[in-house]
Novice: 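One structure, pasted below without further comment.
Throughout, a chain's letter reflects where its sequence line sits, starting with A, and its residues are numbered from 1.
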2 protein chains.
Amino acid sequence: MILKSQVEWALHCCAILAGLPDGRYLSTKALAEFHGLPKEYLSKALQGLSQAGLVDTSLGPSGGYRLAKPPAELTFLEIVEAVEGRQRTFVCTNIRANNPCRPKDHCDSSPCAVARIMWEADEAWRAKLRGVKLSDLVGILSQEVAPELWKSSFEWVLERAG
Amino acid sequence: MILKSQVEWALHCCAILAGLPDGRYLSTKALAEFHGLPKEYLSKALQGLSQAGLVDTSLGPSGGYRLAKPPAELTFLEIVEAVEGRQRTFVCTNIRANNPCRPKDHCDSSPCAVARIMWEADEAWRAKLRGVKLSDLVGILSQEVAPELWKSSFEWVLERAG
DNA sequence: TTAATCAAGGATAAAGAATATCCTTATTTC
DNA sequence: GAAATAAGGATATTCTTTATCCTTGATTAA
């Protein structure tokens, strides 16, 4: 059970978009080049962000993506779910129903206890991601990334932002 | 990102094994029949439990599986990891290293911040599963499952336990 | 002693998901 | 009008999951 690599891509792309000046856009091409990713496939991840309403898009030269809201209001969970989907990691196939001792007309009043426990763990995972804002990531990166690299990356992006 | 169905199977099988009288074993065949699962494939999941040391096995007629320790000492996490593996759900491919602004000799002192956050969510998921014991599940089931069904299932198992 | 049963595990196959790549379309900018 | 863009459909490739089948060695019961 491993998350799609597109989740990693989307998070990094959002971190870059968070540094974009107001009203500017950054294209798939630039994002793909910056992260060394296949442009066409990265595009699918960005489309996911777009469909979820997390980013705005613009067409034509100087078009691309920008965040649809401030980084402090965008959670990790939103980004992860936009790409990975909202399905729970544990799928209950209700195998208790196969119990040979069961009467044919037996009906369960509640979801399987096993599933409920597994779903609680799922929810703990989601709660953790819901508690982290994109702005938190940017804050950490601004501390950790070497100042020269931080600065040159910012300039690299600005040169390509429409 | 969805857990293997074998995780569900293993949890339900452990719940059944928890009700087994001391010293008795239950075979793959009986467990597969009780849950309506393919015997050969379920066997792989049970082998996982065995390799992780969560169950003891016995060969020959009257052989099969039993828990290696009391249900109160067996956590959901142990069972899930025995089948699903211990790899984290988020794999970091370190795409920050592809940044075109990076000097060739640049070296990162710590794991990527994105990965660290995703791994914390992973750990929250694990912590939740670590906090649930197999005995907790049995306690819930003993309350929820209709008494007649609970009793007949117990007898069904006993008839087949070696 | 013999026959039946069991877990372990190797080999292989089928189905589905993840990871791409290519192409068309409509829109926007210059 | 030309170039660049996002959106998205079609297709291909690779990897994982989900099986199935068979062999081996151990154990038990008759």
Novice: Using a cut-off of 4.0 Å between protein heavy atoms and nucleotide atoms, how would you tag nucleotides 22-30 of chain C 5' to 3' with B, S and -?
Specialist: BB---BBB-
Novice: Contact class for A:Gly162 vs. all strands (heavy atom < 4.0 Å): base, sugar-phosphate, or nothing?
Specialist: nothing
Novice: Whether A:Ser50 contacts D:dA7 is assessed here as follows: a side-chain N or O lying under 4.0 Å from the phosphate OP1 or OP2. Is that the case?
Specialist: yes
Novice: Select base, sugar-phosphate, or nothing to describe what A:Tyr65 touches, counting heavy atoms under 4.0 Å on all strands.
Specialist: sugar-phosphate
Novice: Suppose the criterion is salt bridge (Lys or Arg N to Asp or Glu O under 4.0 Å): which pairs have a residue in residues 28-45 of chain A, not counting sequence neighbours?
Specialist: none
Novice: Can you measure B:Lys39 atom NZ to C:dG9 atom P for me and round it to whole angstrom units?
Specialist: 16 Å
Novice: Would you mind listing the cluster partners of B:Ile2? Hydrophobic ones only (ILVMFWY), side-chain contacts under 4.5 Å, chaining allowed.
Specialist: A:Val91
Novice: Can you list everything that forms a salt bridge (Lys or Arg N to Asp or Glu O under 4.0 Å) with A:Arg130? Sequence neighbours excluded, please.
Specialist: A:Glu123
Novice: Considering only nitrogen or oxygen atoms on both sides, find all protein atoms under 3.5 Å from nucleotides 16-19 of chain C and state each distance.
Specialist:
residue: C:dT19; atom: OP1; partner: A:Ser5; partner atom: OG; Å: 3.4
residue: C:dT19; atom: OP2; partner: A:Ser5; partner atom: N; Å: 3.4

Novice: Take atom CG of B:Leu46 and atom P of D:dT18, then tell me their distance rounded to the nearest Å.
Specialist: 15 Å
Novice: Nearest-Å distance, CZ (A:Arg66) to P (D:dA6)?
Specialist: 13 Å
Novice: Could you check whether any side-chain heavy atom of A:Gln6 comes within less than 4.5 Å of a side-chain heavy atom of A:Val83, counting everything from C-beta outward?
Specialist: yes
Novice: What nucleotide among D:dA7, C:dA7, D:dT5 has an atom nearest to a side-chain atom of A:Lys29?
Specialist: D:dT5
Novice: Sequence neighbours left out, what passes salt bridge (Lys or Arg N to Asp or Glu O under 4.0 Å) with B:Arg102? Give chain and number order.
Specialist: B:Asp108
Novice: Quick one: does A:Ser27's side chain get under 4.5 Å of A:Tyr65's, heavy atoms only?
Specialist: no
Novice: Can you list every side-chain hydrogen bond (donor to acceptor under 3.5 Å, both in side chains) pair that touches residues 140-152 of chain A, not counting sequence neighbours?
Specialist: A:Glu144-B:Arg116, A:Lys151-A:Glu155
Novice: Nearest whole Å is fine: how far is D:dT24 P from B:Gln47 CD?
Specialist: 17 Å
Novice: Does any pair with a residue in residues 19-50 of chain B pass ring-ring contact (aromatic ring centres under 6.0 Å, His included), and if so which ones, sequence neighbours excluded?
Specialist: B:Trp9-B:Tyr41, B:His12-B:His35, B:Phe34-B:Trp156
Novice: Between atom CD in B:Glu8 and atom C1' in D:dT18, what is the gap in whole Å?
Specialist: 14 Å
Novice: Under 3.5 Å, sequence neighbours excluded: what are the donor-acceptor pairs made by side chains of residues 73-81 of chain B?
Specialist:
residue: B:Thr75; atom: OG1; partner: B:Leu77; partner atom: N; Å: 3.4
residue: B:Thr75; atom: OG1; partner: B:Glu78; partner atom: N; Å: 3.1
residue: B:Thr75; atom: OG1; partner: B:Glu78; partner atom: OE1; Å: 3.4
residue: B:Glu78; atom: OE1; partner: B:Thr75; partner atom: N; Å: 2.9
residue: B:Glu78; atom: OE2; partner: B:Lys69; partner atom: NZ; Å: 2.9
residue: B:Glu81; atom: OE2; partner: B:Arg126; partner atom: NE; Å: 2.9

Novice: If the cut-off is 4.0 Å, is A:Thr28 near the phosphate of D:dA6, judged by side-chain N/O to OP1 or OP2?
Specialist: yes
Novice: Only pairs under 3.5 Å count here: list side-chain donor-acceptor contacts from residues 54-63 of chain B, not counting sequence neighbours, and write none if there are none.
Specialist:
none

Novice: D:dA7, OP1 or OP2 - any side-chain N/O from A:Thr57 closer than 4.0 Å?
Specialist: yes
Novice: Through direct or indirect side-chain contacts below 4.5 angstrom among Ile, Leu, Val, Met, Phe, Trp and Tyr, which residues connect to B:Leu158?
Specialist: B:Phe154
Novice: Which residues, if any, of residues 14-24 of chain B bring a heavy atom under 4.0 Å of DNA chain C?
Specialist: none
Novice: Test A:Lys133 against A:Val138 for side-chain contact (heavy atoms from CB on, under 4.5 Å), laying out the working first.
Specialist: CA-CA 9 Å; A:Lys133 316 297 180 191; A:Val138 174; over 6 Å; no
Novice: Please tell me if B:Gln51 has a side-chain N or O lying less than 4.0 Å from either OP1 or OP2 of C:dA8.
Specialist: no
